[in-house]
Student: 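So that we are looking at the same thing, I have put the structure below in structure tokens.
For the numbers below, each heavy atom of this structure counts, side chains included, while hydrogens, waters and symmetry mates do not.
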Amino acid sequence: MGTAIPEEPLGSTEKSIPLVGFGTVEYPLNEAFKERVLHAIKLGYRHFDTAASYPSEQPLGEALAEALRLGLVKSRDELFITSKLWLTDSYCGRVIPGLQKTLKTLGLEYLDLYLVHFPVSLIPEATYPVKPEDIRPFDYEGVWEEMEKCQELGLTKTIGVSNFTCKKLESKRSCESIVRRRGFIFQLSHHWEP
């Protein structure tokens, strides 16, 4: 086994978050992806970050299941899995089904962390490349209320946001309940700029 990665306790759950995670965004998906995930687990990685929009979500789930079968990890509780709500599901009535689809794709019963991927909504039928007419206003309050319901239902242990600027969060009074949460996660991406 590899070196243990430091962890930080989360205020909203009994779990801790590993401070170093293995990102799984990959376009196009390489056929050696599952082997890389298994190798990462052997090296000590326990935090895996994916998203509904990544083609790696299903192979990640398959690799995690194989790691459990092989005994590389003793139980699901040893892993910390993060995924993100995609823009086509960033609407009231679509957040919970979006998470349920992610769980089914990953073959998991729950996530450790579920993030709103971007503060943007797209029409549900939107495809790449995104057209300007597919972009819709983001409903901060409605989406966040459903994120909280996901947590209450036990579909995720912790919730947060990704790719939001501080300015975006500060400019929305409706975001106060987001940033004041105990255990709130604010994921920043170093390769993306607003």
Student: What residues form a side chain to side chain contact (heavy atoms under 4.5 Å, CB included) with E31, not counting sequence neighbours?
Tutor: none
Student: Identify whether V143 and L155 are in the same connected component of the hydrophobic contact network (ILVMFWY, side-chain heavy atoms under 4.5 Å).
Tutor: yes
Student: Identify the heavy atoms of V20 and H47 that sit nearest to each other, and give their distance.
Tutor: O-CB, 3.8 Å
Student: Please list, chain by chain and in numerical order, all residues satisfying side chain to side chain contact (heavy atoms under 4.5 Å, CB included) with K149, sequence neighbours excluded.
Tutor: I96, E152
Student: To the closest 0.5 Å, what do you measure between CD (E35) and CG (N30)?
Tutor: 9.0 Å
Student: With a 4.5 Å cut-off on side-chain heavy atoms, are F138 and L87 touching?
Tutor: no
Student: Check the orientation of F48 and Y45. Use parallel for under 30°, tilted for 30 to 60°, and perpendicular for over 60°.
Tutor: tilted
Student: Less than 4.5 Å apart, side chain to side chain, heavy atoms only: is that true for I41 and V37?
Tutor: yes
Student: Give me the atom names and distance for the closest heavy-atom approach of T88 to R94.
Tutor: O-NE, 3.0 Å
Student: Under the side chain to side chain contact (heavy atoms under 4.5 Å, CB included) rule, what do L111 and L106 come out as? Steps first, then yes or no, please.
Tutor: CA-CA 10 Å; L111 291 177; L106 286 166; 3.8 Å; yes
Student: Please tell me if the side chains of W86 and T102 come closer than 4.5 Å, counting only heavy atoms from C-beta onward.
Tutor: no
Student: If you count every heavy atom of other residues, nucleotides or ligands that lies below 6.0 Å from K15 atom NZ, does the total exceed 12?
Tutor: yes
Student: Could you give the distance from CG (D139) to CD (E145), rounded to the nearest 0.5 Å?
Tutor: 8.0 Å
Student: Can you give the donor-acceptor pairs under 3.5 Å from side chains of residues 113-135 to other protein atoms, not counting sequence neighbours?
Tutor:
residue: S121; atom: OG; partner: S90; partner atom: O; Å: 2.8

Student: Can a donor-acceptor pair be found, under 3.5 Å and without considering hydrogens, that links the side chain of S56 to the backbone of T24?
Tutor: yes
Student: Show the numbers, then the answer: is there a side chain to side chain contact (heavy atoms under 4.5 Å, CB included) between I5 and R46?
Tutor: CA-CA 8 Å; I5 292 174; R46 294 297 181 265; over 6 Å; no
Student: Checking R136 against Y91 for the side chain to side chain contact (heavy atoms under 4.5 Å, CB included) test, could you report, in this order, the C-alpha distance in whole Å, the side-chain angles of both residues, the deciding distance, and whether it holds?
Tutor: CA-CA 10 Å; R136 296 293 181 266; Y91 294 95; 3.3 Å; yes
Student: Within the structure provided, determine whether P18 and E7 are in side-chain contact (heavy-atom separation under 4.5 Å).
Tutor: yes
Student: Nearest 0.5 Å, please: how far is CD1 in I81 from CD in E57?
Tutor: 11.0 Å
Student: Using every non-hydrogen atom in the two residues, find where G142 and C92 come nearest and quote the distance to one decimal.
Tutor: CA-SG, 3.4 Å
Student: Quick one: does L64's side chain get under 4.5 Å of L60's, heavy atoms only?
Tutor: yes
Student: Restricting to non-hydrogen atoms, name the atom on Q151 and the atom on T158 that form the minimum distance, rounded to 0.1 Å.
Tutor: NE2-CA, 3.7 Å
Student: Sequence neighbours excluded, which residues qualify as side-chain hydrogen bond (donor to acceptor under 3.5 Å, both in side chains) partners of T156?
Tutor: none
Student: Would you name the heavy atoms of A51 and S83 that are closest together and state the gap between them?
Tutor: CA-OG, 3.4 Å
Student: Can you list every side-chain hydrogen bond (donor to acceptor under 3.5 Å, both in side chains) pair that touches residues 60-78, not counting sequence neighbours?
Tutor: K34-E62, Q58-E62, R76-D112, D77-Y110
Student: By salt bridge (Lys or Arg N to Asp or Glu O under 4.0 Å), which residues pair with E26, not counting sequence neighbours?
Tutor: R36
